[in-house]
Amino acid sequence: MLRQLGCLAALLSTLTSCAQENASYKPSALTQQEARSGKPGANQFAAWDLSYIGEYQAALEAWDGPVRPPRPLSAADSTAFVALRPVSARDYILRRARTERIIIINEAHHNPRHRAFTAALLPELAKLGYRYVAVEALNEQDTLLNQRGYPTLATGFYTKEPQFGHLLRTAARSGFTLVAYDYGFSHEGDGQVKARETAEARNIQRILQADPQAKIVVHCGFSHVNEGPTGMATEPAMAYYLSRLTGINPFTIDQITLTESGTPGGEYARYRLAKAPESSVFLTADGQPYAGADPNKSVDVNVYHPRTRYQQGRPAWTFTPERRPVPLKQALTVGYPCLVLAYDAREDLATAVPVDIIELQSTTDQKAVALGKGRYTLVAKGPTGRVQTWSVRR
């Protein structure tokens, strides 16, 4: 259950104590060694660390842990699912967003694809009048985030992942106010789940109290999107409390259930049946959105993400029309394997979250970095601590 609910109280206390020691980016060999340590939660920490350096498939596999058999699905459920019609998730969400006040969309904390999808929605949501992006992963003590316009290593635990950084930068460029909302509760004692979920909901409610006409996007983790009375296994989740505190029925979007995993046994059974060339939602014959991929989730719609294709050694969704693949032309002298971190030259290189990170295993590794228009400082870090720095303009 801890794996599915993500960062509940026991895990949160661990995150708090480990945040500072994990402030740097680790090579995959070290991370995978730590994953085999047998310590509680080692596979989760490994999945996060691998996602931070762009090792997407390895992160999915680390999260799943030991290989399990695929989940079963009845013939009747299979027949019902394949009768559904896929439509563009982006188009459907933006169409629904015209008449909504609060949109809640979730992520798996080890899967940057979910952040990339949310980031792609934000510029269009801004045009529809949404002005606030409330983000679970933000540290409320980073009071200068909106003024600065980009995340630093102190902005949050998960936010040092480059796709999360891209989401936050996109929000800032699109005119959103970024709001931290996951604070104001105790990690200890009985009732800690309720304390956290209600505190989150009240912190989001404060946006509406200060700006009664506000339209809000909430980017949360795992089951906090669940509107049902047992959203967090046996207790209500943030979305449930938020609806009751505000009187607004949120538009809840689940990205997790119909997303690929690292192993067949890690995937929900209906994911094996889904077929669509792009991120999609599925509609019934009378046009109603499908939201039953996980019977334990009460949401408005499940978003399906097709299996990842790779381009220049990276997941193809890493690149967008604005963020193009840029091959490394610099001869590296730091040794292999090495990490290459790309920084926006306008930001503080000592503290900023890199705009992209790749790990190169050898001279034949041809991974490209994803860069928008502008000037960048690239930093290569080798296995013995050697560092090489150079500039790139795109």
Side-chain angles (χ1 to χ4, degrees), residues 15-16 19-25 48 51-54 105 107 109 112 114-116 118-127 130-184 200 203-204 206-207 210-211 214-221 318 320 322-323 339-357 369-379 389 391-394:
L15 293 181
T16 302
Q20 291 301 318
E21 69 178 78
N22 285 326
S24 59
Y25 298 94
W48 298 328
S51 74
Y52 297 158
I53 63 169
I105 184 168
E107 69 161 36
H109 294 315
H114 298 151
R115 298 158 187 164
T118 297
L121 296 172
L122 292 180
E124 295 304 315
L125 290 173
K127 294 175 184 177
Y130 289 81
R131 291 291 176 266
Y132 300 89
V133 177
V135 182
E136 175 189 317
L138 296 182
N139 181 350
E140 76 279 7
Q141 296 180 14
D142 184 4
T143 58
L144 298 179
L145 174 60
N146 286 294
Q147 176 182 328
R148 200 173 52 240
Y150 65 88
T152 69
L153 295 176
T155 296
F157 184 82
Y158 302 117
T159 55
K160 69 179 182 179
E161 188 277 311
Q163 288 291 345
F164 218 140
H166 175 58
L167 187 160
L168 299 178
R169 290 180 177 95
T170 299
R173 287 196 302 268
S174 301
F176 285 99
T177 297
L178 290 160
V179 180
Y181 72 85
D182 190 20
Y183 65 92
E200 289 184 338
N203 289 334
I204 298 169
R206 291 190 179 99
I207 301 172
D211 183 357
K215 299 178 75 172
I216 306 167
V217 180
V218 181
H219 185 85
C220 68
T318 303
T320 68
E322 294 76 30
R323 287 162 52 87
L339 296 177
V340 178
L341 301 85
Y343 294 90
D344 188 320
R346 298 168 297 180
E347 299 175 358
D348 181 357
L349 272 60
T351 61
V353 171
V355 298
D356 200 12
I357 304 176
V369 290
L371 301 179
K373 289 285 187 183
R375 189 164 57 88
Y376 297 88
T377 299
L378 272 63
V379 179
T389 303
S391 296
V392 169
R393 182 180 291 276
R394 208 220 106 200

Legend entry - Expected output: side-chain Thr155 to main-chain Thr152 donor-acceptor under 3.5 Å: yes
Legend entry - Non-hydrogen side-chain atoms of Val179 and Arg206 separated by less than 4.5 Å: no
Inset, instruction - Could you tell me whether Arg148 and Asp348 have a side-chain N and a carboxylate O separated by less than 4.0 Å? - result: no
Legend entry - Distance (rounded to the nearest 0.5 Å) between Arg393 CZ and Tyr376 OH: 10.5 Å
Inset, instruction - Kindly check if the number of other-residue, nucleotide or ligand heavy atoms within 6.0 Å of CZ (Arg375) is above 12? - result: no
Legend entry - Crowding at CZ, Arg346 (>12 non-hydrogen neighbours, <6.0 Å): no
Legend entry - Expected output: side-chain Ser51 to main-chain Trp48 donor-acceptor under 3.5 Å: yes
Legend entry - CA sep, side-chain torsions, deciding dist, call: Leu167, His219, side-chain contact (heavy atoms from CB on, under 4.5 Å): CA-CA 10 Å; Leu167 187 160; His219 185 85; 4.0 Å; yes
Inset, instruction - State, with a plain yes or no, whether a side-chain heavy atom of Arg169 is found less than 4.5 Å away from one of Pro151. - result: yes
Legend entry - CZ on Arg323 to OG1 on Thr170, rounded to 0.5 Å: 7.5 Å
Inset, instruction - Show your working on side-chain contact (heavy atoms from CB on, under 4.5 Å) between Leu125 and Phe176 and close with a plain yes or no. - result: CA-CA 10 Å; Leu125 290 173; Phe176 285 99; 4.3 Å; yes
Inset, instruction - Go through Leu138 and Leu168 one step at a time and tell me if the side-chain contact (heavy atoms from CB on, under 4.5 Å) criterion holds. - result: CA-CA 10 Å; Leu138 296 182; Leu168 299 178; 3.9 Å; yes
Inset, instruction - Kindly say whether Ala342 contributes a backbone atom to a donor-acceptor pair with the side chain of Asp356 at under 3.5 angstrom? - result: no
Inset, instruction - From the options Ile216, Asn203, Ile207, select the one residue that forms a side-chain contact (heavy atoms from CB on, under 4.5 Å) with Tyr181. - result: Asn203
Inset, instruction - Return yes if some donor-acceptor pair links the side-chain N/O of Asn146 with the main-chain N/O of Leu178 below 3.5 Å, else return no. - result: yes
Inset, instruction - Drop me the distance from Ile105's CD1 to Thr118's OG1, to the nearest 0.5 angstrom. - result: 3.5 Å
Legend entry - Leu153 and Thr351, any side-chain heavy atoms less than 4.5 Å apart: no
Inset, instruction - Over all heavy atoms of both residues, which pair between Ala172 and Gly149 is shortest? Give the atoms and the distance, please. - result: CB-O, 3.7 Å
Legend entry - Polar side-chain atom of Arg131 near backbone of Ala126 as donor-acceptor pair, under 3.5 Å: yes
Inset, instruction - Anything under 30° is parallel, anything over 60° is perpendicular, the rest tilted; go ahead and classify Tyr52 against Phe157. - result: perpendicular
Inset, instruction - Would you check, one step at a time, whether the test side-chain contact (heavy atoms from CB on, under 4.5 Å) holds for Val353 with Phe164? - result: CA-CA 9 Å; Val353 171; Phe164 218 140; over 6 Å; no
Inset, instruction - Mind checking the CD-OH spacing from Glu136 to Tyr183? Nearest 0.5 Å is all I need. - result: 14.0 Å
Inset, instruction - Give a yes or no on whether the backbone of Ala352 and the side-chain of Glu347 come within a donor-acceptor separation of less than 3.5 Å. - result: no
Legend entry - Student check: side-chain heavy atoms of Tyr150 and Asp344 closer than 4.5 Å: no
Inset, instruction - State, to 0.1 Å, how close Ala116 and Gln163 come at their nearest heavy-atom pair, and which atoms those are. - result: CB-OE1, 3.6 Å
Legend entry - Minimum side-chain heavy-atom gap His166-Arg115 below 4.5 Å: no
Inset, instruction - Work out which heavy atom in Ala180 is nearest to a heavy atom in Asn139; give both atom names and the distance. - result: CB-C, 4.2 Å
Inset, instruction - For the residue pair Val218 and Glu200, establish whether any side-chain heavy-atom pair is separated by less than 4.5 Å. - result: no
